[in-house]
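Working notes, beginning with the structure itself.
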Amino acid sequence: MIDIKQIRTDPDRFIQSAKVKNIDVDIRKLLQIDSQLLDLRKQLQDARTEQNAAGKQIATLTGEAKQPAIAKVSQLKSKIKQLDEQIGELEPAFGELMICVPQPPAPDVPVGDDSANVEIRREGTIRKFDFEPKDHVELGEALGIIDIARGVKIAGTRNFVLKGAGAMLHQAVLRLATDRMIAKGFVPVTVPVLVNESAMYGTGFFPLYRDQAYLAERDQMSLVGTSEVPVTSLHADEILSAEELPKKYVAGTTCFRREAGAAGKDTYGLYRVHFFDKVEQVIVCAGDEQTSINHHQEILANTEQVMQELELPYRVVNCATGDLGQGNVQRFDIETWMPSRDSYGETHSASRYYDFQARRLNMRYRDAAGDLHFCHTLNNTVMASPRILIPILELYQNADGTITIPPPLRPYMGGMEKIEPRTY
RNA sequence: GGAGAGGUGCCGGAGCGGCUGAUCGGGCCGGUCUCGAAAACCGGUGUGCCUUCGGGCACCGUGGGUUCGAAUCCCACCCUCUCCGCCA
């Protein structure tokens, strides 16, 4: 949510932001409704002042004198009711527009669609194969650890089953990610994945991206597409103290995505699927831009350390305006090298929101002087599987079709060093 | 799913339909006292919006209704707790 005062002060900034983010919201109309509402509310307030004063007088009158006074105030009542109705008619339209106004991107965000994304740096060495490498599906099916056909049988397209060492590898990556974050002082939390509307609105996924969520409509609940939703919502409607900030959390949950509008895109393998598990880091910090920027670098570095530990080659990308969500100030994606795609594929996403989510969630803190401010929020993937299994399987494959397990994952797999073919 | 109880300020807990934005207690902040602390005493302690900066308006789970006037009455919904049932 954006501060309406900021929109009043500098509407062009928001008109421009909506344009570069490709979000359809009529700022001019919003301001027009806003000024009407301001005027009506002022009139209502004045009428109420009058009514309250008259009411107090009535309380002091008795018997005969009371009736004429009551009759007089009754007239005010109809005026108030009329104003109330007018306001009631405008408010929904105002709210619907407000909830769609995007957060302006940072100045160093490139303008354009995702083709305008800017690579910031590359890390790691891309493996050169001295044999013909297989893709993760060929490898996984031959090893008996990936069973896409049965996943589809149970749940339809974009579903999968991991078995045996495949399921273990999946868990190992997640546990490594969680442990590394706990070691950095992040507090592990277990959170609901089926959440109410206010959590979805509060974190900025509703209303614009409602199509992407699975809805349990009978209960007005939604399955989350990321644990960012429940974790960032933890302190909604709370007033935190400055001393307890920043709050740092790590949570692993299953994530559910409809992938609406992605029909026909990335249909092969484990890349784009309807459910996956993700370990996410979330920071709630003081409402200061530089503080946010520093934390943004921090959460990016946290993930990069795990990637480097796994020796996965990746690059960091500064996402362009058209690739940002409504609430993003800036987003850095980490893309990991995937031999089967012969390119880097998105595996992580580090977002900075400033107070966009905090305003929607009504999440504030009291500073040393006792003043209230909205918090800032950020998040980044630590590891999401099975997508990360694509580079792991493909880059660690051997000529005989076996997979060498990356050393940091072995402790989580009972010391297993290699995945060999097996019937499960 | 069935039955009952309840949702008030940081917490506990009052609140005849007008004098209640809200008694009181605790906590917290400031002060007095003290070498310092404790105790005691004194004072302060909600949020949002509008403002001609005097002030005004709104908010006692949410939304409606009754009334000149509602935290207080009525209706619906949401949530919490207790007991029973079912169950990972």
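All chains are named by letter (A, B, ...) in the order of the sequence lines, taking the proteins before the strands, and each is independently numbered beginning at 1.
In this model, the phosphate group of C68(B) is not approached by any side-chain N or O of R48(A) to a distance below 4.0 Å at OP1 or OP2. Taking 4.0 angstrom as the limit, Q45(A) places none of its side-chain polar atoms (N or O) nearer than this to OP1 or OP2 of U51(B). Taking side-chain N and O atoms only, R8(A) has a distance below 4.0 Å to OP1 or OP2 of C50(B). A sub-4.0 Å separation between OP1 or OP2 of C68(B) and a side-chain N or O of K79(A) is absent. Between G69(B) and K77(A), a contact under 4.0 Å exists linking OP1 or OP2 to a side-chain N or O. Side-chain nitrogen and oxygen atoms of N52(A) include at least one within less than 4.0 Å of the OP1 or OP2 phosphate oxygen of A58(B). In terms of phosphate contacts, R41(A) brings no side-chain nitrogen or oxygen within less than 4.0 Å of OP1 or OP2 of G48(B).
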Legend entry - Trace of the ring pair (Phe, Tyr, Trp, His ring centres under 6.0 Å) decision for Y249(A) with H235(A): CA-CA 12 Å; Y249(A) 294 110; H235(A) 298 290; 5.8 Å; yes

Legend entry - Verdict with supporting geometry, Q6(A) and D10(A), side chain to side chain donor-acceptor pair (under 3.5 Å): CA-CA 6 Å; Q6(A) 280 191 38; D10(A) 189 1; over 6 Å; no

Inset, instruction - Verify side chain to side chain donor-acceptor pair (under 3.5 Å) between T377(A) and E228(A), making sure each step is shown before the conclusion. - result: CA-CA 10 Å; T377(A) 60; E228(A) 164 190 351; over 6 Å; no

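A straight line from CD of Q51(A) to C1' of A70(B) spans 12 Å, rounded to a whole angstrom. Rounded to a whole Å, the CG atom of D46(A) is 12 Å from the P atom of A58(B). In this structure, CD of E197(A) is placed 19 Å from P of U62(B), rounded to the nearest angstrom.
Place L44(A) and L38(A) on RNA chain B by their nearest nucleotides, and L38(A) ends up nearer the 5' end. If I239(A) and K42(A) are placed on RNA chain B by their nearest nucleotide, the residue sitting closer to the 5' end is I239(A).
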Legend entry - Dot-bracket line, read 5' to 3' along RNA chain B, where crossing pairs take [ ] and | marks a partner on another strand, Watson-Crick or G-U under 3.5 Å: ((((((((.[[[..)..(.....]]]((((((.......))))))(((((....))))).[[[[[..)....]]]]])))))))....

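G12(B) and C28(B) have their C1' atoms separated by 15 Å, with the value rounded to a whole Å. Taking the C1' atoms as reference points, C74(B) lies 29 Å from C83(B), given to the whole Å. Taking atom P on both G21(B) and G61(B), the two are 16 Å apart, rounded to the nearest angstrom. Only the C1' atoms considered, A3(B) is 11 Å distant from G85(B), to the nearest whole Å. Of the C1' atoms belonging to C16(B) and A71(B), the separation is 14 Å, rounded to the nearest Å. Spacing between G17(B) and C10(B) at atom P, rounded to whole Å, works out to 27 Å. Spacing between G9(B) and C75(B) at atom P, rounded to whole Å, works out to 24 Å.
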Inset, instruction - Assign a letter to each nucleotide of nucleotides 71-80 of chain B from its 5' end: B, base within under 4.0 Å of a protein heavy atom; S, sugar-phosphate only; -, no contact. - result: ----------

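Comparing C49(B), G69(B), G48(B) by their nearest atom to the side chain of K5(A) picks out C49(B). In the set A58(B), C49(B), G48(B), the nucleotide with an atom closest to the side chain of L372(A) is G48(B). When distances run from any side-chain atom of T49(A) to the nucleotides C50(B), U47(B), C57(B), the shortest one goes to C57(B).
Both tests pass for R341(A) against the ring of Y271(A): distance under 6.0 Å to the centre and angle within 45° of the axis.
Using cut-offs of 30° and 60° on the angle between ring planes, the pair F206(A) and Y201(A) is perpendicular. Relative orientation of the F256(A) and Y214(A) rings is perpendicular, given thresholds of 30° and 60° on the angle between their planes.
A salt bridge links R41(A) with E91(A); the closest basic N to acidic carboxylate O contact falls under 4.0 Å. Under the 4.0 Å criterion applied to side-chain N and carboxylate O atoms, E298(A) and K184(A) are not assigned as salt-bridge partners. Of the charged side-chain nitrogens involved, at least one lies within less than 4.0 Å of a carboxylate oxygen, so that K278(A) and E280(A) count as a salt-bridged pair.
In this structure, the ring of H376(A) has its center no less than 6.0 angstrom from the ring center of Y353(A).
For the atom pair CD1 of I146(A) and NE2 of H136(A), the computed distance is 6.0 Å after rounding to the nearest 0.5 Å.
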